Amino acid sequence: QVQLVESGGGSVQVGGSLRLSCTVSGNTYSDYCLAWFRQGEGKEREGVAAISSDGSTSYADSVKGRFTISEDVAKNTLYLQMNNLKPEDTAMYSCAADLGYCPPHRLLVHHPFDHWGQGTQVTVSS
């Protein structure tokens, strides 16, 4: 069993930064996909960023150049560095994990991830 616990959310003003963390515990695998999703109030879930065990990454167009996904394998922790935050970034952010490499980003939101965290709220105010 795999457990995911997010942290680092909060309230920030436009243009500010936050770093989300997702600690992964339990069974580990050599090939995996870790991803960040978000869902704003009244909006559909969006795949924000993903990283495969080979280090390849992908991003939603809406966050390219502002967000960076990374992982610290030694700490079993996934990160999402979010810079130049905008009000439209306000959402519940969740991390997810699955076996195998990540699918193409356009398919990320449709991929049946086996493991999910409980989410952490990010609110960006002007």
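This one's a predicted model, so the numbers in the text were calculated from it and none came from an experiment. Scope of the values below: all heavy atoms of this structure, side chains included, with no hydrogens, waters or symmetry mates.
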Margin query: Main chain of Ile69, side chain of Tyr59: is a donor-acceptor contact present, judged purely on distance under 3.5 Å?
Written below: yes
### Query
Under the 3.5 angstrom rule, does the side chain of His105 hit a backbone N or O of Ala50 as a donor-acceptor pair?
no
**Report entry** Other residues, nucleotides, ligands: >12 heavy atoms within 6.0 Å of Gln13 CD
**Finding:** no
Q | Residues His115, Tyr32; criterion side chain to side chain contact (heavy atoms under 4.5 Å, CB included); working and verdict | A | CA-CA 11 Å; His115 309 288; Tyr32 56 82; over 6 Å; no
Of all heavy-atom pairs linking Leu80 and Ala49, the shortest is CD1-CB, 4.2 Å
### Query
Any donor and acceptor pair, going by atom type alone, linking the side chain of Thr23 with main-chain N or O of Thr77 inside 3.5 Å?
no
Checking Lys86, Glu88, Glu46 against Ser62 for side-chain hydrogen bond (donor to acceptor under 3.5 Å, both in side chains), the one that qualifies is Glu46
Looking only at heavy atoms, the pair that brings Ser17 and Gln81 closest together is CB-NE2, 4.0 Å
*Same hydrophobic cluster for Phe37 and Val48, using side-chain heavy-atom links shorter than 4.5 Å among ILVMFWY?*
no
- Query: Under 4.5 Å between any side-chain heavy atoms of Asp114 and Val2, yes or no?
  - Reply: no
| task | Would you check if Val14 and Pro87 make a side-chain contact, meaning some heavy-atom pair closer than 4.5 Å? | result | yes
- Can you get from Leu108 to Leu34 by hopping between Ile, Leu, Val, Met, Phe, Trp and Tyr side chains that sit under 4.5 Å apart? no
Heavy-atom check, side chain of Glu6 versus side chain of Gln118, under 4.5 Å
yes
- Query: Can you find a heavy atom in the side chain of Cys33 that is under 4.5 Å from one in the side chain of Phe113?
  - Reply: yes
*asked:* Hydrophobic clusters here meaning ILVMFWY residues chained together by side-chain heavy-atom distances under 4.5 Å, can you tell me if Val109 and Val63 are in one?
replied: no
Compile the donor-acceptor pairs under 3.5 Å between side chains in residues 92-102 and protein atoms, sequence neighbours left out, one pair per line.
residue : atom : partner : partner atom : Å
Tyr93   : OH   : Arg38   : NH1          : 2.9
Tyr93   : OH   : Asp89   : O            : 2.6
Asp98   : OD2  : His111  : NE2          : 2.6

Distance col, row Ile51:CD1 vs Ser58:OG, nearest 0.5 angstrom, shows 9.5 Å
Is the backbone N or O of Ser30 less than 3.5 Å from a side-chain atom of Ser53, with the two atoms forming a donor-acceptor pair by type?
yes
Nearest heavy-atom approach of Leu85 to Leu18 is CD1-N, 3.9 Å
*asked:* Donor-acceptor pair, distance only, cut-off 3.5 Å: does the side chain of Trp36 make one with the backbone of Tyr79?
replied: yes
Nearest heavy-atom approach of Gly9 to Leu20 is N-CD2, 3.6 Å
Is it true that, when you exclude Glu41 itself, more than 12 heavy atoms of the residues, nucleotides or ligands shown sit nearer than 6.0 Å to its CD? no
